[in-house]
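A note on names: the letters A, B, ... follow the listed sequences, proteins ahead of strands, and every chain is numbered from 1. FYI, side chains are in, hydrogens and waters are out, and symmetry mates aren't considered; it's all heavy atoms of this structure.
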Protein chains: 2
Amino acid sequence: MAKGSRYAEIANVLATEIADQSAGTQIASEHEIAARFGVSRAAARAAVQELEGRLLVRRVRGAGTFVNRRIDYVLSQRKAPSLHQTVREAGGEPRTVVRDVRRTALPADVAARLERPEGSEAHLLVRQSYIDGMLNGWAQEWIPSDLLPELDAAVHAVESLDSILRQVCRVDPVRAWCRVSYSLPGPEVAAGLETAHNRPVWLIESLSRDRETGTALMCSNTWSRPDCTRLIVELDGPWK
Amino acid sequence: MAKGSRYAEIANVLATEIADQSAGTQIASEHEIAARFGVSRAAARAAVQELEGRLLVRRVRGAGTFVNRRIDYVLSQRKAPSLHQTVREAGGEPRTVVRDVRRTALPADVAARLERPEGSEAHLLVRQSYIDGMLNGWAQEWIPSDLLPELDAAVHAVESLDSILRQVCRVDPVRAWCRVSYSLPGPEVAAGLETAHNRPVWLIESLSRDRETGTALMCSNTWSRPDCTRLIVELDGPWK
DNA sequence: GAGCATTTGTCCGTATGTATT
DNA sequence: CAATACATACGGACAAATGCT
């Protein structure tokens with residue numbers, strides 16, 4: 001495993017030590033690790049970088065390196081829990097901040113999913129989600145304007161657009177389609193996720209329809225950092 | 001984007017150049033990059049490592065750094081194409097090598113999925129899959145022995161256990177369940193995938209049943225390298 | 001707000017090891 | 001065997017962000 005590579009050896013030692021520590025705990029600095037194992041700072045640094053690659057730690061310049069824990073987020077058709085609920089059940093503290101609310105023309109792909117003409121008007125909600133104070137996700141949500149002419153400031157208080165749709169539009173939104181992929185974010189998304197390095201992130205695209213009429217109601221793109229959540233997707237048969 | 005960081009700047013330059021080159025092309029060595037941009041080899045190396053992190057290149061010690069391309073592998077309930085087919089459609093050359101065939105006792109989780117008693121006997125097939133000669137995946141497949149008493153050497157010739165089940169057992173296997181996750185492989189799997197660094201990989205767990213009777217027929221765990229395939233999972237409604 | 005120590009981020013130059021060709 | 005190329009390592013330096021005084 002760690003054949004001839006001192007830094008990998010050190011990384012393994014640190015990894016087992018980290019396993020017993022709780023999330024958020026600060027680990028030894030690179031200087032301390034270097035001194036402890038009798039190596040240069042470069043080697044110690046390589047070991048910590050290895051741990052970062054394994055998503056075991058999170059590094060903050062000027063502050064230190066901290067133990068990281070991911071929470072499992074299971075997407076399945078049998079149950080579609082909100083991320084808020086999942087985080088709370090895992091003992092974490094979820095928070096959502098609305099970054100922007102505006103009216104825009106629907107981009108082509110989103111318009112197609114919402115079965116609206118391309119360029120037709122919609123409300124766009126941009127939100128960031130946090131888990132235990134750490135940035136986790138960045139989401140865009142669209143609702144066609146013909147469904148909901150006005151979108152007041154109350155959106156800042158609600159957890160998702162779901163409640164707005166239920167209360168104001170009197171519809172019963174259910175998730176109708178969902179696509180999960182893992183790839184590099186564009187510049188805007190990378191900025192929203194504060195991923196300094198261009199690392200791959202999760203992308204969950206989803207569509208909600210009205211349970212009764214089948215009308216496409218809402219569409220969302222959610223990017224989330226893989227060092228925060230461990231995404232698991234379950235598919236049930238039968239296959240066609 | 002590349003503010004203050006020379007290596008990131010270099011990485012971006014190289015990334016755009018790479019975009020125009022075909023898969024497998026060898027890029028400049030670290031020495032050449034260092035000379036070209038007037039930086040030390042460490043900085044050049046950091047740039048190439050950045051590209052590796054973006055899955056844009058693949059590095060081989062002693063040989064060089066080569067342009068990498070991923071193929072999209074879409075998992076959905078509407079269509080469940082084999083990886084072989086997907087690769088060929090993308091213009092790649094798929095290959096599968098049987099690494100091991102043996103009888104074993106079913107592990108607890110697999111036994112539960114196959115609806116067999118824990119520890120009951122099964123055939124275990126271990127295979128590696130390649131795309132254009134590069135190692136892509138490592139798979140374990142189980143068939144309960146009560147379904148198929150004998151498993152002859154013919155398995156080396158077939159593409160999957162699917163054909164064996166159809167021809168020998170006279171059943172009609174359809175995928176009944178599937179779970180996709182992304183996490184660190186265990187030591188055995190890491191060795192099978194030749195992932196020197198402990199990097200996360202895809203894990204696809206799946207179960208096949210007989211179309212008619214619903215009997216659980218086959219169970220598989222497939223790990224695959226994220227630098228080879230870009231996995232996309234589609235979920236269709238309705239949600240419960 | 002200013003100053004300071006700590007910590008990670010980046011970079012230099014050099015050297016040696018190891019796998020491939 | 002030799003040349004090439006990546007892997008690891010050393011020690012030093014400065015920059016940038018953080019947290020505390």
ask   = Backbone N or O of Arg58(B) within a donor-acceptor pair of the Asp227(B) side chain at under 3.5 Å?
value = no
ask   = Taking only residues two or more places apart in sequence or in another chain, which ones pass ring pair (Phe, Tyr, Trp, His ring centres under 6.0 Å) with Tyr182(A)?
value = Trp202(A), Tyr182(B), Trp202(B)
message = Side-chain N or O of Thr65(A) versus OP1/OP2 of dT7(C): is the shortest distance under 4.0 Å?
response = no
query = Ignoring hydrogens and geometry, is there a side-chain-to-backbone donor-acceptor pair from Thr86(A) to Tyr73(A) under 3.5 Å?
reply = no
note = Among dC10(D), dC6(D), dC12(C), the one nearest any side-chain atom of Ala43(B) is dC12(C)
Strand contacts (DNA chain D) in residues 16-27 of chain A, 4.0 angstrom heavy-atom criterion = none
key: Partners meeting side chain to side chain contact (heavy atoms under 4.5 Å, CB included) with Asp100(B) (sequence neighbours left out)   = Arg102(B), Val126(B)
task = Round to the nearest Å and state the distance from Glu50(A) atom CD to dA7(D) atom C1'.
result = 13 Å
request  = Provide, to the nearest angstrom, the distance between the CZ atom belonging to Phe37(A) and the P atom belonging to dA9(D).
outcome  = 13 Å
request  = Rounded to the nearest angstrom, tell me the gap between atom CD in Glu32(A) and atom C1' in dT6(C).
outcome  = 10 Å
ask   = Do you see a donor-acceptor pair shorter than 3.5 Å between the side chains of Ser129(B) and Asn136(B)?
value = yes
request  = Name all residues meeting the side chain to side chain contact (heavy atoms under 4.5 Å, CB included) criterion together with Tyr130(A); count only those two or more places apart in sequence or in a different chain, and write none if there are none.
outcome  = Arg95(A), Val97(A), Arg99(A), Gln128(A), Leu135(A)
query = Reckon Ser29(A) has a side-chain N or O less than 4.0 Å from the OP1 or OP2 of dT6(C)?
reply = no
query = What's the OH-C1' distance between Tyr7(B) and dC12(C), to the nearest Å?
reply = 16 Å
message = Can you build the contact string for nucleotides 13-19 of chain D? Use B for base contact, S for sugar-phosphate-only contact, and - for no protein heavy atom under 4.0 Å.
response = B--BBB-
inquiry  = Would you say Arg45(A) places a side-chain N or O within less than 4.0 Å of OP1 or OP2 belonging to dT8(C)?
reply    = no
query = To the nearest Å, how far apart are Arg58(B) CZ and dA7(D) P?
reply = 13 Å
query = When you check the phosphate oxygens OP1 and OP2 of dG13(C), does a side-chain N or O of Ser40(B) lie under 4.0 Å from one of them?
reply = no
ask   = Which residues pass the ring pair (Phe, Tyr, Trp, His ring centres under 6.0 Å) test with Trp138(B), sequence neighbours left out?
value = Trp223(B)
request  = Round to the nearest Å and state the distance from His31(A) atom NE2 to dC10(D) atom P.
outcome  = 13 Å
task = May I have the distance from Ile10(A) (atom CD1) to dT8(D) (atom P), rounded to whole angstrom?
result = 12 Å
note = Residue pair Glu30(B)/Ala42(A) against DNA chain D: nearer the 5' end by closest nucleotide is Glu30(B)
inquiry  = Nearest whole Å is fine: how far is dT10(C) C1' from Gln49(A) CD?
reply    = 11 Å
message = Can you identify which nucleotide, out of dC10(D), dC12(C), dT7(C), has its nearest atom closest to the Val39(A) side chain?
response = dC10(D)
note = Contacts of Arg59(A) meeting salt bridge (Lys or Arg N to Asp or Glu O under 4.0 Å) (sequence neighbours excluded), chain-then-number -> Glu30(A)
query = How would you list, by chain and number, every residue that makes a side chain to side chain contact (heavy atoms under 4.5 Å, CB included) with Glu93(A), sequence neighbours excluded?
reply = Asp132(A)
remark   = Sequence neighbours excluded, the answer for salt bridge (Lys or Arg N to Asp or Glu O under 4.0 Å) partners of Glu89(B) is none
